[in-house]
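Indexing begins at 1, ligand by ligand and atom by atom, following the structure's order. Side-chain atoms are counted along with the backbone in the values below, which use heavy atoms only and exclude waters and symmetry mates.
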Amino acid sequence: MTEAVAEVLFPKEVIARRVRELAGQISRDYEGREPLIVGILNGAFIFMADLIRALDVPCRVDFVRLASYGSESVSSGAIRIGKDLETPIAGRDVLIVEDIVDTGLTLSRLVEVLRERQPASLRVCVFLDKPERRRIPFTADYVGFVIPDRFVVGYGLDFDEKYRFLPDVYVLGRSS
Ligand code: XMP
Ligand code: MG
């Protein structure tokens, strides 16, 4: 059995509309400021690129890469920073951008690490939220879509590094 992209969950037009709404909300909240947008590689890069181009406030960008000690799709809980920020964040307004919050382990760990560097503010924006899968409490400040416990790909999200380039979001199914 191999996996296959089965059904479209969010077509690109629906994604684009929701990203514009999120950007509007973020722009209002950060009016008069210049947040540092921190993308989590690789999954967040497409969402982040669309999001920041829809903002009405100026921003700067930086990236982190995280690595879990377990496999990619099943978080082990032990998370380390593979590639750190290149920007000092003390006193800055920081907005973390991630593709999806699942168990909550990755983002709560990253928030903990970045909070120690004393940013002026620290918020999280996720494209997708799978609340049924939480292993520790975690609430993102901005959420694109809440989804059921299904594995999804496309719009930056991968299975085994495949499908990130797809413009729509698909539920991953199985072919015979
Ligand atoms: P946590 O720590 O919240 O980690 O469990 C979230 C990370 O898990 C991956 N993930 C997915 N990736 N489709 C994906 O392509 C999914 O449905 C999915 N669910 C979780 C993803 O790497 C995310 O950063
Ligand atoms: Mg990821």
Side-chain angles (χ1 to χ4, degrees), residues 1-12 14-16 18-19 22 26 36-52 61-85 89 94-117 122-175:
M1 271 211 317
T2 55
E3 86 292 342
V5 285
E7 47 179 296
V8 175
L9 184 60
F10 301 117
K12 55 181 179 300
V14 172
I15 296 171
R18 185 66 189 127
V19 169
L22 281 176
I26 292 167
L36 175 71
I37 314 293
V38 171
I40 305 183
L41 294 170
N42 293 332
F45 82 111
I46 290 179
F47 174 47
M48 178 166 158
D50 285 347
L51 185 72
I52 65 170
V61 299
D62 201 345
F63 294 92
V64 287
R65 183 186 299 281
L66 302 172
S68 81
Y69 290 96
S71 74
E72 237 306 284
S73 55
V74 185
S75 296
S76 67
I79 285 133
R80 63 190 170 81
I81 292 191
K83 178 224 169 290
D84 204 339
L85 292 175
I89 61 167
V94 175
L95 178 63
I96 299 170
V97 174
E98 172 62 319
D99 53 359
I100 185 166
V101 54
D102 187 42
T103 63
L105 294 166
T106 306
L107 277 167
S108 37
R109 181 70 190 127
L110 182 64
V111 164
E112 194 177 276
V113 169
L114 296 189
R115 221 180 265 297
E116 282 169 17
R117 302 181 191 178
L122 183 59
R123 289 186 189 167
V124 176
C125 175
V126 295
F127 174 55
L128 301 175
D129 185 356
K130 259 193 223 179
E132 287 167 44
R133 296 253 312 162
R134 264 330 172 276
R135 281 169 56 190
I136 47 171
F138 183 86
T139 308
D141 301 277
Y142 306 96
V143 175
F145 300 100
V146 174
I147 63 166
D149 182 13
R150 302 289 301 276
F151 200 83
V152 295
V153 296
Y155 198 64
L157 291 129
D158 72 306
F159 175 77
D160 211 7
E161 292 304 320
K162 291 181 286 191
Y163 311 122
R164 287 194 201 277
F165 63 93
L166 295 172
D168 311 286
V169 169
Y170 294 79
V171 170
L172 198 68
R174 290 191 180 278
S175 62

Check: Backbone N or O of Y163 within a donor-acceptor pair of the D158 side chain at under 3.5 Å?
Finding: no

Item checked: Distance filter under 4.0 Å to E98 heavy atoms, resulting ligand 1 atoms -> 23 (C), 24 (O)

Check: Would you call G43 a ligand 1 contact, heavy-atom distance under 4.0 Å?
Finding: no

Next item on the list: Say whether R109 and ligand 1 are in contact under the criterion: heavy-atom distance to a ligand atom below 4.0 Å.
Entry: no

Next item on the list: Record the part of D99 in heavy-atom contact with ligand 1 below 4.0 Å; permitted values are side chain, backbone, both and neither.
Entry: side chain

Notebook entry, point to check: Who are the side-chain hydrogen bond (donor to acceptor under 3.5 Å, both in side chains) partners of E7, not counting sequence neighbours?
Noted result: none

Margin query: Could you tell me if the side chain of R164 sits less than 4.5 Å from the side chain of N42, heavy atoms only?
Written below: yes

Next item on the list: Under 4.0 Å from a heavy atom of K130: give me the atoms of ligand 1 that qualify, with their elements.
Entry: 16 (C), 17 (O), 18 (C), 19 (N)

Between side-chain atoms of residues 43-51 and protein atoms elsewhere (two or more places apart, or another chain), which donor-acceptor pairs fall under 3.5 Å?
from	atom 1	to	atom 2	distance (Å)
D50	OD1	R53	NH2	2.9
D50	OD2	Y155	OH	2.6

Margin query: Is there a side-chain contact between L107 and I96 in this structure, where contact means two heavy atoms from C-beta onward sitting under 4.5 Å apart?
Written below: yes

Next item on the list: May I ask you to say whether R134 pairs ionically with D129, meaning some side-chain N is under 4.0 Å from a carboxylate O?
Entry: yes

Checklist line | R133, portion touching ligand 1 at heavy-atom distance under 4.0 Å | finding: neither

Item checked: Min heavy-atom dist R135 to ligand 1 below 4.0 Å -> no

Notebook entry, point to check: So is G104 polar-close to ligand 1, meaning N/O to N/O under 3.5 Å?
Noted result: yes

Check: Is E112 salt-bridged to R109, cutoff N-O under 4.0 Å?
Finding: yes

Next item on the list: Report yes if the distance between the aromatic ring centroids of F145 and F10 is under 6.0 Å, otherwise no.
Entry: yes

Check: Evaluating non-hydrogen atoms only, which member of L157, I40, V153, V152 is closest to atom 13 (N) of ligand 1?
Finding: V152

Next item on the list: Can you sort out which atoms of ligand 1 are near R150, meaning under 4.0 Å from one of its heavy atoms?
Entry: 17 (O)

Next item on the list: Report yes or no: does a heavy atom of L107 sit under 4.0 Å from some atom of ligand 1?
Entry: no

